[in-house]
Amino acid sequence: MAAPSMGGVSLPRGNGQTVRLPRGASLTDLAERINAQPAALVTALFHLGEMVTATQSVNDETLQLLGAEIGWVIQVVSPEDEDRELLETFDLTFGDEEGDEDDWSARPPVVTVMGHVDHGKTKLLDALRHANVAAKEAGGITQHIGAYQIVTELEGDERPITFIDTPGHESFTAMRARGAKVTDIVVLVVAADDGVMPQTVEALNHAQAADVPIVVAVNKIDKEGANPAKIRQQLTEYGLVAEEYGGDTMFVDVSATTRQGLDELLAAILLTADASLDLRANTEQDPQGVVIEGKLDKGRGPVATVLVQRGTLRQGDSIVAGDAYGRVRSLLDEHGNKLKEALPARPVQVVGLTSVPRAGDTFLVVEEDRVARQIADRRQARIRNAQNASMRKRISLEDLDAALKETRQLNLIIKGDNSGTVEALEEALMKIEVDDEISLRVIHRGVGGITKSDIDLALADDVIVLGFNVRAEGQATELANREGVDVRYYSVIYQAIEEIEAALKGMLKPEYEEVQLGSAEVREVFRVPKIGNVAGSIVRTGTINRNSKARLVRDGVVVADNLTVESLRRFKDDVTEVREGYECGIGLGSFNDIKVEDVIETFEMREKPRA
């Protein structure tokens with residue numbers, strides 16, 4: 001049955017049937033699913049006030065608007081379902097599989113350290129793993145995430161614990177949330193001399209949303225003014241009640257500087273894991289897990305830090321991680337030592353991928369390199385379509401005229417030392433809100449140094465290049481200097497965000513506001529030969545300045561606007577200004593329609609500072 005005609009176009013009526021489409025699908029994709037002509041859908045959408053081509057990626061709202069009009073329920077498939085369906089086409093699944101009970105074994109807990117910036121998260125990890133990470137971080141702020149495994153002793157048994165280190169700045173909310181998705185236990189670090197802060201609450205919300213047990217590390221107890229009891233009291237307001245107060249949350253007083261309480265903290269983590277969680281994994285199924293970070297190493301190429309969640313990852317495995325694939329050439333631990341295999345909950349660096357995967361991507365091992373390449377290619381196309389749909393601004397018939405005028409847009413290329421940082425920086429930048437008349441677009445992002453091809457792209461599209469912990473290579477530097485490409489280098493992310501926000505505000509057209517200068521009441525009108533009428537006036541408020549803008553008001557109504565005070569006299573003298581309470585003669589140029597009791601208001605237009 002055909003749908004009612006829309007401007008002469010007939011479309012198949014869905015009668016409430018459901019059509020599943022991936023993110024960023026085009027009208028051509030929809031036409032194939034419902035047996036319609038793409039041109040008919042373009043016309044139908046045009047009549048609904050949206051201008052979209054047949055092959056253009058369309059966002060979710062537009063697809064659902066069109067579906068509702070022609071009687072189809074458009075269901076946009078989530079990334080997780082989309083990935084699951086993709087794997088099913090290759091007879092693969094991602095997730096736990098029931099196996100022989102003998103294949104299951106205990107695994108270490110995965111712990112994410114969270115908390116407010118400057119409360120000592122990185123120093124605490126330093127003390128735990130005897131490595132000085134903070135000294136390598138610009139401004140003392142953790143710039144990227146990594147995973148480390150340490151071994152401790154509990155009741156005479158050696159027990160490994162995996163730690164995931166997450167950035168502390170608020171712009172990395174998404175990365176903290178991603179850390180909570182792969183974690184078993186959250187260690188919430190709160191400074192005893194500072195108390196619960198906004199990022200403490202933010203981290204706590206992420207942990208509670210992930211539904212994982214929380215152990216509170218009250219840090220800096222060696223400092224003057226430390227009050228661990230106050231921390232326990234404050235956190236009760238957020239549902240964390242200490243065991244000593246009758247609750248079920250373990251609080252441990254620690255000092256990363258003096259190493260006090262570290263053994264107790266590790267014991268609390270293991271006891272919480274044993275009491276609350278059944279940490280076992282199937283070691284014999286096909287290896288699967290999550291990418292913690294990715295970076296481009298000069299000597300080894302793309303390197304991904306992955307967390308094995310199930311199965312055993314071995315050298316020589318064919319692996320696909322997000323839209324990257326390859327064969328595992330070598331496995332390295334956090335210290336750079338080679339490993340033969342990685343068991344569940346083991347963080348390991350993988351060398352051998354064709355490109356750098358994104359932090360948070362899932363990885364899995366497949367039987368053949370060919371299958372890995374096909375999965376990666378499809379994922380890449382899906383991600384590209386979704387990005388195109390999200391970046392493209394909807395244009396309706398109502399704002400078509402404005403869209404055809406000059407658009408003001410800041411284009412960026414982002415290059416960084418690892419994929420997690422690049423992704424988080426892009427996400428933070430895209431959240432900057434300035435004004436509807438200006439937009440920000442990331443036309444390219446990548447891991448590694450700034451290359452000549454990046455500068456060539458910047459030349460073509462008038463782009464600013466951001467380098468985070470990376471530099472431009474030889475030819476790229478020379479080309480950028482010669483052509484005047486703006487290349488900016490950063491080592492602390494919030495500085496990049498502040499500068500880009502300032503640049504966006506600078507691109508906005510200036511806003512002006514009217515500032516009242518003064519007003520004068522006309523007492524008498526004089527006719528001066530060759531000049532015209534001059535208003536004999538008394539200044540009532542402010543000052544009257546020569547050459548200032550003016551308007552004439554009669555009985556409360558503006559008679560003339562956009563006038564200029566062309567002459568200003570006190571008796572026989574020309575003056576530049578006359579203040580309140582003084583009499584003067586005001587000439588408004590060729591405008592002569594001046595009457596007694598008129599009011600002359602003067603003003604100027606000043607640029608309004610942006611908020």
For a quick test of reading the model, state the closest non-hydrogen atom pair linking [X] to [Y] and the distance between them.
X	Y	answer
A458	V485	CB-CG1, 3.8 Å
A321	V291	CB-CG2, 3.9 Å
P213	S276	CG-CB, 4.1 Å
V470	Y489	O-CD2, 3.3 Å
L279	A273	CD1-CB, 3.9 Å
L353	P302	O-CG, 3.5 Å

I want to check something: taking the side chain as every heavy atom from C-beta on, are [X] and [Y] in contact at a cut-off of under 4.5 Å?
X	Y	result
V212	I185	no
I497	I493	yes
V351	D297	no
Q288	Q309	no
D333	Q149	no
V422	K415	no
V196	Y238	yes
D417	K295	no

I need the [X] [atom1] to [Y] [atom2] distance, nearest 0.5 Å.
X	Y	atom1	atom2	answer
R445	L412	CZ	CG	10.5 Å
N227	D194	CG	CG	12.0 Å
R488	L466	CZ	CG	8.0 Å
L339	S330	CG	OG	9.5 Å
L271	L154	CG	CG	5.5 Å
M114	I164	CE	CD1	9.0 Å

Q | With R159 via salt bridge (Lys or Arg N to Asp or Glu O under 4.0 Å) - residues at least two apart | A |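 Only D274 meet the salt bridge (Lys or Arg N to Asp or Glu O under 4.0 Å) criterion with R159.
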Q) Who pairs with D157 by salt bridge (Lys or Arg N to Asp or Glu O under 4.0 Å), at least two apart in sequence or on another chain? A)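 Salt bridge (Lys or Arg N to Asp or Glu O under 4.0 Å) list for D157, sorted by chain: empty.
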Under the 3.5 angstrom rule, does the side chain of [X] hit a backbone N or O of [Y] as a donor-acceptor pair?
X	Y	answer
T354	Y325	yes
N219	A256	yes
T283	T312	no
R259	A127	yes

Q) Does a sphere of radius 6.0 Å around CD in E244 hold more than 12 heavy atoms from other residues, nucleotides or ligands, not counting ones at 6.0 Å or beyond? A)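 More than 12 heavy atoms, drawn from other residues, nucleotides or ligands, come within 6.0 Å of this atom.
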Q. Would one find more than 12 heavy atoms of other residues, nucleotides or ligands at under 6.0 Å from atom CD of E158?
A.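 At most 12 heavy atoms, drawn from other residues, nucleotides or ligands, come within 6.0 Å of this atom.
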Q: Assess whether side chain to side chain contact (heavy atoms under 4.5 Å, CB included) is satisfied between I214 and L204, documenting all intermediate values.
A: CA-CA 9 Å; I214 298 171; L204 179 59; 3.5 Å; yes
Q: Please report the C-alpha distance between I443 and I413 in whole Å, then the side-chain angles of each, then the deciding distance to 0.1 Å, and finally whether the side chain to side chain contact (heavy atoms under 4.5 Å, CB included) criterion is met.
A: CA-CA 6 Å; I443 65 170; I413 291 174; 3.9 Å; yes
Q | Ionic contact status for D253 with R232, cut-off 4.0 Å | A |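 Result for this pair is yes, salt bridge flagged.
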**Q.** Audit row: L124, F163, side chain to side chain contact (heavy atoms under 4.5 Å, CB included) steps and yes/no
**A.** CA-CA 11 Å; L124 184 60; F163 283 92; over 6 Å; no
**Q.** T112 and its side-chain hydrogen bond (donor to acceptor under 3.5 Å, both in side chains) partner, picked from D184, T183, T162
**A.**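 That would be T183.
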Q | Partners meeting side chain to side chain contact (heavy atoms under 4.5 Å, CB included) with V190 (sequence neighbours left out) | A |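 Only H119, L188, T200, V216, I231, L235 meet the side chain to side chain contact (heavy atoms under 4.5 Å, CB included) criterion with V190.
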Q. How far apart are the C-alpha atoms of L332 and R300, what are their side-chain angles, what is the distance that settles it, and do they pass the side chain to side chain contact (heavy atoms under 4.5 Å, CB included) test?
A. CA-CA 12 Å; L332 307 169; R300 295 178 293 187; 2.5 Å; yes
